[in-house]
Amino acid sequence: MEENSQEELVEAQSQIWRWTFSHLISMSIKCAIHLRIPDAVHQHGEPAASLSQLISALRIPPSKTHAFRCMMRVLSTRSTGFFSVQQEEEGEELCYSLTPASRLLLRHAPLNQASLPLLHFHPAVRDYCSVLDTWLLEENRTAFEVVNGASFWDYLAGSSGPARELKGLFYDAMVSDSNLVVNALVVPTVGGRESLLFRGVRSFVDVAGGTGIVAAAVAGAFPEMKCVVLDLPHVVEGLPAAGGHPGNLEFVGGDMFRSVPSADAVLLKSILHNWDDESCVKILKCCKAAVSGDGDQRVYNMIVIDMVMSEVGSDDDDLSREIQLCFDLMMATLLNGKERNEMEWKGLFEEAGFSNYKIVGKIGPRSIIEVYP
Ligand SMILES: C[S@@+](CC[C@H](N)C(=O)[O-])C[C@H]1O[C@@H](n2cnc3c(N)ncnc32)[C@H](O)[C@@H]1O
Ligand SMILES: COc1cc(-c2oc3cc(O)cc(O)c3c(=O)c2O)cc(OC)c1OC
């Protein structure tokens, strides 16, 4: 066995500690969201909120002030980065201010991103992580099914209190993500909105488009375009009547494994990573039938927004790759889905009968892929 130096051994021990305690960091984020610590920092933080201001605003009892201070410190390191910490003079109180990450957790932030962490702290999602060892040794079921007795999608369709709560958090998380992505898809220009992806497109279907955030933005930007959101009946039920949607947007309840309404362009955003290869090919074949036109000379296409896994040693930074790997593990354990590298995407498109594809852009760790019938 290879002998390690004392220094290497100590470093290895620290590495084990770091990842053992990482759940305490996640749980501190949950606590910060629930207690609205970012809002308290925001309200008292001109330019920064002192620890005692926060303690009094949040009504932390005296017996917990040390623990609160520890938590604020953990959330303010260079690697967690939820708050930045300053000390005017030595011996003076520490003061905290918001960072871009905690600004996204402010209650009324237009692009609030609190719902994804809250979704993953919900017992039905949180608990599946603790059975990975037994789950890995058995066939077929997802870890989510082992703990909750139903697939993720069937569970979300349920009517129990926890299922309704999880459904709310899941679709809120999808809305918060879509609100961020919309800005990258439909670019504001002087006097209007524009998008190369939608140039010449007369009709558009967002396949499994959830509550319609992306389709509503596209419909609003292009009033002449007929836009449709296809999703499961229980998801789109009541949405058209909810109001506030552009008149050129329609919601259709259906099953993307059976058929997709015909259109010039269809979008699959954060869909294919939920499914195994066989299921993806079925969905893609329905999308191909939808964008195959009627033999005219128009340009039809499908847009896929999902991760293209970077290869080891690629230019992608470590954080991007780590996020991709975590999503891959999450998809494998929660849904039997996966993130894919470029060769895997190419294989799927070919098997579904598409003629070509092009990766046309990136949004954080995800890519925008145009796929041609
Ligand atoms: C990860 S979410 C993505 C939603 C949306 N595209 C977005 O990015 O916000 C996956 C979506 O697939 C929908 N879905 C699952 N099974 C479906 C099916 N058989 N037919 C249509 N939609 C389905 C879910 O209801 C959910 O809205
Ligand atoms: C909210 O921001 C993102 C969400 C997802 C995302 O998250 C999920 C969480 C689940 O518990 C189950 C799921 O099926 C999913 C998704 O399918 C899914 O796409 C993904 C994102 O980027 C890849 C998000 O943006 C950061």
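When a residue number appears, it is its place in the shown sequence, counting from 1. All ligand and atom numbering here is 1-based and tracks the order in the structure.
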Mind checking whether Phe144 and Tyr155 have ring centres under 6.0 Å apart?
->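 Yes: the rings meet the under 6.0 Å criterion.
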Ligand 2: which residues have a non-hydrogen atom closer than 4.0 Å?
->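 Ligand 2 pocket, heavy atoms under 4.0 Å: Leu116, Leu119, His120, Phe152, Phe170, Ala173, Met174, Asp177, Ser270, His273, Asn274, Met307, Phe327, Met330, Met331, Leu334, Leu335, Arg366.
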Could you check if a side-chain atom of Ser97 sits within less than 4.5 angstrom of a side-chain atom of Phe83, using non-hydrogen atoms only?
->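 Of all side-chain heavy-atom pairs linking Phe83 with Ser97, none is under 4.5 Å.
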Would you mind reporting whether Ser79 and Arg18 have side-chain heavy atoms less than 4.5 Å apart?
->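 Yes. Closest side-chain heavy atoms under 4.5 Å.
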Step-by-step side chain to side chain donor-acceptor pair (under 3.5 Å) determination, Ser84 to Gln86 = CA-CA 7 Å; Ser84 68; Gln86 303 94 39; 3.2 Å; yes
Side chain to side chain contact (heavy atoms under 4.5 Å, CB included) against Asn274, all qualifying residues, sequence neighbours excluded =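 So Asn274 forms a side chain to side chain contact (heavy atoms under 4.5 Å, CB included) with Trp153, Met331, Leu335.
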Is a salt bridge present between Asp306 and Lys269, judged by a nitrogen-to-oxygen distance below 4.0 Å?
->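 No, no charged N to carboxylate O under 4.0 Å.
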In plain terms, say whether Asp39 and Arg107 are close enough for a salt bridge, that is, a side-chain N and a carboxylate O under 4.0 Å apart.
->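 So Asp39 does not pair with Arg107 through a salt bridge.
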For Tyr357 and Glu342, test the side chains for any donor-to-acceptor distance below 3.5 angstrom and give the result as yes or no.
->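 Distance-only check passes for Tyr357 and Glu342.
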Keeping to residues at least two apart or across chains, list the side chain to side chain donor-acceptor pair (under 3.5 Å) pairs with something in residues 219-237.
->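 As it turns out, the side chain to side chain donor-acceptor pair (under 3.5 Å) pairs with a partner in residues 219-237, which skip direct neighbours, are Lys167-His234.
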Give a table of atom pairs where an N or O of ligand 1 lies under 3.5 Å from a protein N or O.
from	atom 1	to	atom 2	distance (Å)
ligand 1	6 (N)	Ala208	O	2.9
ligand 1	6 (N)	Lys269	O	2.8
ligand 1	8 (O)	Lys269	O	3.2
ligand 1	8 (O)	Lys269	NZ	2.5
ligand 1	9 (O)	Ser178	OG	3.1
ligand 1	9 (O)	Lys269	NZ	3.4
ligand 1	19 (N)	Asp255	OD1	2.9
ligand 1	20 (N)	Met256	N	3.0
ligand 1	25 (O)	Tyr171	OH	2.5
ligand 1	25 (O)	Asp231	OD1	2.6
ligand 1	27 (O)	Asp231	OD2	2.7

